[in-house]
Structure formats: structure tokens, C-alpha cells
Amino acid sequence: MIEPPIPEIQDEQNSQTVIAPEIVTEGQSPPDVADVLIVGAGASGAAVAWRLAQAGFSVVCLEQGRWINPALYPTKDRNWEILGRHEWNWDPNKRGRPEDYPVNDSESAITPLMFAAVGGSTIHWTAHAPRLHPSDFRVKSLDGVADDWPFTYEDLEPYYDLNDLMMGCSGISGDPAGPPRSPRPMPPVPLGEDGKRMAAAFERLDWHWWPSDNYINSVAYQGRDACNYCGPVGFGCTRKAKSSTDVTYWPEAIRLGAVVKTHARVSEITVGSDGRATGANYFDRDGAIQHQAARSVVVAGNGVGTPRLLLMSKSDAHPNGLVNSSGLVGKNLMFHPYSITSGLIPDLSETWKGPMGNILMCQEFYETDSRRDFVRGYAYQLNRGTGPLATALGGPHEPVQWGARHHEDFAERFGHIVTMAGIGEDLPEEHNTVTLDKQLTDGNGLPAPKVTYTLSDNSRRLMDHSVKMATRVLEEAGATRVMANPLLRAGGWHLMGTARMGDDPERSVVNQWCQAHDADNIFIVDGSVFVTAGAVNPTPTLQAIALRAADYIAHERDDLKG
Amino acid sequence: MPTSDRQITHTDRVLLARVMDLIIPSDGDFPGAGGLELAKDLERASQRYGRLRSGLLSVLDALSLDIASRIEGGFAALDEERQIASLKTVEADLPDQFAVFVELIYETYYTDDRVHSRIGWAGRPPQPEGFDLEPWDPSILETARKREPFWRGAS
Ligand SMILES: Cc1cc2nc3c(=O)[nH]c(=O)nc-3n(C[C@H](O)[C@H](O)[C@H](O)COP(=O)(O)OP(=O)(O)OC[C@H]3O[C@@H](n4cnc5c(N)ncnc54)[C@H](O)[C@@H]3O)c2cc1C
Ligand code: SF4
């Protein structure tokens with residue numbers, strides 16, 4: 001993969017070295033009228049930019065964040081754990097960078113987590129890369145709940161494969177829990193002693209397990225180094241061994257002519273009197289309002305940022321917010337509720353070694369089973385131990401006790417923790433919403449999103465079941481103490497459903513090609529379009545959907561080319 | 001309610017060193033958090049992050065105002081058992097601030113090199129060296145591969 005020459009400059013605002021946006025786009029100035037204007041340079045925006053630049057469209061992306069030099073991630077700093085809790089916190093409210101918008105989550109059982117930069121939330125993600133199951137696209141037909149998707153697993157499969165190649169997938173085919181997959185581009189990341197121990201425990205219980213598909217380099221791939229098992233993947237990878245889109249799709253997209261404007265916060269997608277998009281207004285880094293004209297707009301701001309922007313973009317043609325004639329923009333917010341069950345296994349040590357969320361999966365309880373008291377199911381992702389400070393602070397559990405028992409409690413945990421993260425399928429409910437907050441604003445005075453979310457009874461039962469089963473397998477593996485958190489509050493990594501897709505314009509916002517029912521040149525390509533959530537991490541799916549939408553534009557929408 | 005602007009005084013520092021030793025006591029011959037003289041680092045960390053500073057000041061103020069210690073002539077005049085009781089009272093009265101206070105002490109203690117070598121941490125950040133793992137060995141899938149596909153068809 002060819003990387004553009006990206007010299008480093010000093011960023012006055014944050015006195016950090018960054019990659020200069022002006023230099024990334026050297027030789028290319030944004031066209032006056034772009035064929036395609038993308039809002040958001042994260043997981044989905046990057047995939048669309050690459051595919052459409054490859055198909056000869058002029059592509060401009062507006063991103064409120066900046067380029068981040070991978071050498072500056074905190075894992076090289078002796079205070080890496082402190083930086084990770086503050087400047088690099090997963091929660092934008094705690095991080096509070098100027099490019100972040102705050103989120104009012106006071107009425108949500110789960111805190112949304114995200115990052116603003118070229119690469120979006122993949123800067124922070126742990127790159128666990130499973131796929132939805134065929135049944136996930138047919139939950140109404142199979143289980144009588146929610147809705148079916150307007151396409152099938154088979155329709156998406158070639159795009160999953162393409163995305164696996166572009167992002168770089170480590171794994172191994174043959175998993176009996178899902179349909180056969182093409183050979184993975186790289187072998188699995190090693191399991192480690194903790195992974196092997198748990199694999200044996202799963203087998204004794206006759207439960208499924210399989211090494212995770214990960215977008216982490218188990219060997220050097222496309223000019224990026226192999227992982228050296230340093231551990232805290234969620235703070236950014238200094239070796240570029242973790243595939244964030246700033247080091248995968250974007251260099252290729254830029255080589256093909258795409259332009260990224262950073263520090264560009266879109267305040268409104270503009271429309272003509274016919275209701276079709278004409279471009280976007282944005283605040284530049286000096287706070288001045290600019291306009292970028294375009295023949296089409298692709299919104300890729302994530303499941304919170306996208307409905308926020310659509311709701312901010314009211315006009316005569318779209319009085320309830322852009323492309324919101326269904327009234328469903330911002331509704332049906334889904335997270336994956338997470339239960340966290342950790343076992344302390346005395347004869348394992350140094351469980352902090354290896355990428356933290358990327359060992360193996362168990363999908364024994366994935367599908368609906370009429371013998372259980374909930375519909376749909378959950379998966380487990382096996383996670384590792386953490387560094388000394390995170391261990392002391394407890395992470396998802398109570399902190400290590402202060403006082404007389406402190407050292408004993410710490411010693412029991414440190415290096416001996418193995419964690420089963422239960423990822424539950426959240427069903428869409430209209431009362432779970434993203435709306436515009438009436439008081440809270442971002443640095444440009446734009447309304448912040450407000451997230452309102454309650455956990456359904458079905459999800460609660462499902463989470464309780466996941467804790468019970470996790471306890472069983474951890475004890476089977478030799479855990480002498482188990483700590484359980486049936487609902488992780490700071491676990492809103494996955495943002496879905498807030499501009500859902502479907503065939504019926506009254507019951508959905510976009511069609512199966514991610515094209516808005518209300519305007520044929522507006523597309524939404526991020527997790528907002530998910531009809532249901534499945535019980536696996538969503539990013540390979542949302543990137544595959546984005547690539548499929550891009551191919552629709554490339555093949556069917558020559559009219560958008562200047 | 002204290003503000004994050006208040007200066008930390010000499011009296012605060014004396015109190016803090018004692019309280020740090022109660023939160024993370026000595027372990028055999030290894031000193032507690034107060035004995036390691038980490039109070040300066042803690043103060044510096046609290047200056048950087050406003051949330052931590054306000055937690056620190058709230059707890060220090062609450063401890064000096066705690067009725068038991070006032071009757072006895074201050075926190076330092078209490079015996080250890082009553083000092084712990086006083087801390088527990090403040091923890092119950094100000095749970096959020098106390099949690100932040102403990103967080104600040106843990107942040108300072110568990111990022112100290114002497115503590116790292118004591119607990120067996122590498123004594124360096126994770127990068128650039130990383131760690132070692134045994135290479136991937138496909139034979140571990142021998143049993144898992146035997147299972148028949150069990151995913152649910154969608155048609
Ligand atoms: C800590 C963490 C761990 C995760 N781990 C995993 C994992 O292991 N596996 C997995 O599948 N998923 C994981 N995720 C989720 C994953 O990161 C997201 O699903 C994915 O990045 C979403 O892609 P996106 O394109 O929808 O949005 P994002 O990647 O969030 O990108 C959206 C971009 O849009 C920009 N933007 C928004 N609004 C505006 C505006 N008005 N103007 C300009 N720019 C704007 C934002 O700044 C951002 O850069 C994790 C997330 C986090 C936070
Ligand atoms: S564990 Fe591997 S992928 Fe993760 S940050 Fe470290 S080197 Fe990068």
C-alpha cells in the first residue's frame with residue numbers, strides 16, 4: 001500500500017505534532033463542486049471515499065477532527081495509563097478535546113463512546129472483527145421481532161471479503177458458528193496462555209469457541225508492522241499494526257485523489273428548493289463558516305453524530321430535519337449492552353500480554369432458544385488483563401479495596417484476570433433516541449446530542465444469563481473468584497439504528513443502497529442504518545454496507561459525476 | 001463546597017501523607033503511598049485535571065471538618081482505628097468525591113517505578129518493546145473443528 005508523504009508539523013492549538021492536512025492534500029485542492037461530499041472520516045466514510053475515488057468520482061471529506069500521528073499515541077509514554085484515562089479517554093465528555101462534541105447521556109443507561117479524527121472511532125477501537133450471521137438479517141421472519149433487513153447476508157458477503165482485505169484481517173476459516181468464510185489474509189493472533197486455558201474450558205463444557213477475526217496484523221501486512229502484543233489496543237497503535245482507517249483506507253483514497261479537510265465541523269447539509277442536497281456548511285478551524293458545494297452528500301458521522309447533523313439540517317423542504325419524513329431520524333438507537341464477567345485464575349500470570357480484546361469468541365448462545373426466557377442471544381468476546389493502574393481502578397468492576405486488604409486484593413487480580421465480555425443483541429425501540437439538547441452545545445455553539453436509552457427487559461434477562469454462563473466457564477477454567485457487572489455503563493462503543501434502512505419510506509429513512517427515501521442524492525452509510533444489531537461488533541458490517549452503497553453509486557449514479 | 005482554586009497548605013500536606021498511608025498501607029518492608037512521598041506527584045496530577053483536584057480538596061476539607069477529629073484535636077490526633085472510621089464517614093457522606101480521591105492516589109501510586117518493580121510490571125511503557133506470546137499453533141483447533149456447523153439458516 002502506498003503512503004503519501006506526510007511530514008509532521010506543530011499544531012498550535014494543541015501543541016502536539018500532527019500530520020498537516022494541507023500537506024496531505026498537496027497538489028490537490030478541493031473541487032469547487034465535489035461529486036461526493038462525505039461527512040466524517042471514520043470507519044464508514046473512509047471505505048466510501050476509497051471506493052468512489054477508485055471509480056473516478058471527485059471526493060471531498062469534511063472531518064471535525066484532525067490527523068493523528070501514530071507515534072504520539074500514549075503507549076510509548078511512561079504515563080500511558082494516566083493519559084489513557086484523561087486525554088485519550090474513550091468518552092468524549094471526559095476527554096473534552098476541542099474537536100469533540102459533548103453528549104448529554106444523563107438519561108441513558110449506557111454512555112456512548114467515540115473519537116473525532118481522521119480514522120474516527122477506529123483510532124480507539126479494539127479491532128475485533130466478527131460478522132453478523134445470516135439469521136441476523138431475518139429476525140422478523142425467524143423470531144417475530146423487530147424487522148428484517150432489505151438484503152441478505154449473501155448480498156453483503158463480497159463486501160465483507162473486500163473489507164477484510166483492505167483493513168487486513170487475521171483469523172482462520174472453518175468456524176462452525178457461521179457460514180464458510182474466504183481464507184483470511186493473515187493467520188490468527190496467538191491465543192496466549194489465557195486464551196488456551198479458556199479454549200480448553202469451553203471444550204470441556206462442549207461449548208463453541210473459535211479464534212477471533214481481528215483487524216490486527218498477526219504478520220506484517222501492506223507496509224504496516226506486525227503486532228508486538230503490547231496490550232492496550234484501545235489507546236491507538238504506534239506500530240500501525242491495528243487497522244484504523246487513517247492507516248488503511250485513507251492513504252489509498254488520497255492517492256486516488258480524495259481530499260480530506262480536517263478541523264471542519266459540518267453544521268448543516270444544505271438543500272435546494274427541491275429538497276436535494278447542494279453541499280454543506282461547516283466551521284473551519286478558525287470558527288469561520290464555509291460552504292462546500294457537492295452533487296451528492298454521504299453522511300458518515302456515526303450512530304449519534306449522523307442523526308444529530310440530520311436534525312440540525314432543517315429547511316423548508318425538510319421541516320422535521322433532513323430526510324426525516326418518516327420521523328425516524330434519531331429513533332431506535334441501539335447499543336450492544338455488555339456484561340462483564342471476570343475470573344481471577346491464580347495459576348495464570350501476566351494476562352496483560354497480547355492485544356486486549358482479540359483472543360477468541362464463543363457463540364454458543366447466539367441464536368434464539370425457546371427454552372430461555374429471552375429472544376435472540378449474545379456472544380462472548382474474551383478479553384485480557386490490564387496494566388497496574390487500570391487493574392487497581394477495577395475497570396468495569398469495583399476498584400481494588402483501600403485499606404488493610406489493599407495489597408492482597410490487588411495481587412489476586414493483577415496478571416490473573418481473564419474477562420468474558422457478553423455482547424447482547426439489543427432490539428430496536430423507538431423510545432431510545434438521539435435528539436438535540438436544548439442547552440448543551442459544542443465549541444461552535446451547535447446543539448449537542450442528547451441520548452435517551454433504557455435497557456429493555458429482554459436485554460436485562462439476556463445479560464443476566466450471560467453472567468451466569470460466563471461464571472460457569474471461568475470456574476471451569478480455574479477461577480477462584482469471579483467479579484460480575486451485568487451491564488457496563490461505559491460500554492456504548494457500538495452506535496446503531498438511528499436512521500434505519502428498509503423498503504418502506506414510512507418505516508425507514510434509507511433504502512437498501514443507503515440512499516435517503518426523501519432525497520436521491522443523500523446517502524447515510526454508518527451504523528445508523530442498521531435495522532437490528534445482531535450480537536457481534538458492528539464495524540466490519542457497517543464498512544461492508546458502506547462499500548456496497550459506494551458500488552451502487554459507482555454503477556448506477558453516473559449523473560452525480562461532474 | 002471547596003473550589004478547585006484553593007491552594008494546598010502545609011497542613012493539607014501532612015494530612016494527605018497520613019491518609020495516603022491508610023488508603024494504601026505499607027506492605028512488609030515496602031512503604032505505603034504516604035511513606036513513598038508521593039504527595040508532591042499527587043498534587044501535580046491534581047493540578048492537571050480539575051476533576052481530580054476538586055475531589056482531593058473536598059475530601060481534605062471534609063476530613064478536617066469531621067466531628068470526631070475536631071473533638072480530638074484534629075485527624076492526626078486520632079488513633080489508627082478512628083482515623084479509618086473518619087475516612088469511612090467521609091466515604092459514606094461524599095461517595096463520588098471520595099472515589100475520585102482514591103482514584104488520584106491510585107493514579108499516583110500505580111504509576112511509580114518503585115511500585116512497578118515491586119509488583120512485577122515491566123517498568124516501562126508497553127511500546128516500543130511490546131511483549132512475547134507463543135506463536136499461533138493451529139493444532140489447538142483439533143476438537144473445535146470437529147463440531148458440525150450449527151449456524152441458523154435464514155431462508
Ligand atoms: C473504545 C472503542 C472500541 C471499539 N472496539 C470495536 C471493536 O473491537 N470492533 C468493532 O467492530 N467496533 C468497535 N468499536 C466501534 C467502532 O469504532 C465503530 O463502530 C466505528 O468506528 C463506526 O464507524 P463510523 O464511520 O460510523 O463512525 P466513526 O468511526 O465514529 O467516525 C465518524 C466520524 O465523523 C466525524 N463527525 C461526526 N459529526 C461530524 C460533523 N458534524 N462534522 C464533521 N465531522 C463529523 C467524527 O469526528 C468521526 O471522526 C469500538 C469503539 C470504541 C470507541
Ligand atoms: S497489542 Fe498489537 S495491535 Fe494492539 S496496540 Fe499493541 S502492537 Fe498495536
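Below, chain A is the first sequence line, B the second, and so on; all start at residue 1. Small disclaimer: the values here were computed from a predicted structure and weren't measured.
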Per-residue contact mode, B:Asp132 against chain A (heavy atom under 4.5 angstrom)
backbone
At a heavy-atom separation under 4.5 Å, does A:Ala411 approach chain B through its side chain, its backbone, both, or neither?
neither
Looking only at B:Ile119, B:Leu22, B:Val102, B:Ile84, the option with the highest number of non-hydrogen pairs under 4.5 Å against chain A is B:Ile119
Which answer fits B:Thr108, side chain, backbone, both or neither, if we ask what part of it has an atom under 4.5 Å from a heavy atom of chain A?
neither
Contacting region of B:Pro135 [heavy-atom separation from chain A under 4.5 Å]
backbone
Under a 4.5 Å heavy-atom cut-off, does chain B meet the side chain of A:Asp148, its backbone, both or neither?
neither
Could you tell me which non-hydrogen atom of B:Ala144 sits nearest to which non-hydrogen atom of A:Glu203, and how far apart they are?
N-OE2, 3.8 Å
Tell me, side chain or backbone of B:Glu91 under 4.5 Å from chain A's heavy atoms, or both, or neither?
side chain
Contact part of B:Tyr49 toward chain A, heavy-atom cut-off under 4.5 Å: side chain, backbone, both or neither?
side chain
Plane angle bin for B:Phe98 and A:Trp402 - parallel if under 30°, tilted between 30 and 60°, otherwise perpendicular
tilted
Name the one of A:Asp77, A:Asn228, A:Thr75 that satisfies side chain to side chain donor-acceptor pair (under 3.5 Å) with B:Gln127?
A:Asn228
Salt bridge present between A:Glu364 and B:Arg147 (N-O < 4.0 angstrom):
yes
Can you say whether B:Glu134 sits under 4.5 Å from chain A via the side chain, the backbone, both, or neither, judging by heavy atoms?
both
Indicate the ring-plane relationship of A:Trp80 and B:Trp121, choosing parallel, tilted or perpendicular according to the 30° and 60° boundaries.
parallel
Quick one: what part of B:Ile105 sits under 4.5 Å from any heavy atom of chain A, side chain, backbone, both or neither?
neither
About how many Å separate CD of A:Glu350 and CZ of B:Phe131, when rounded to the nearest 0.5 Å?
8.0 Å
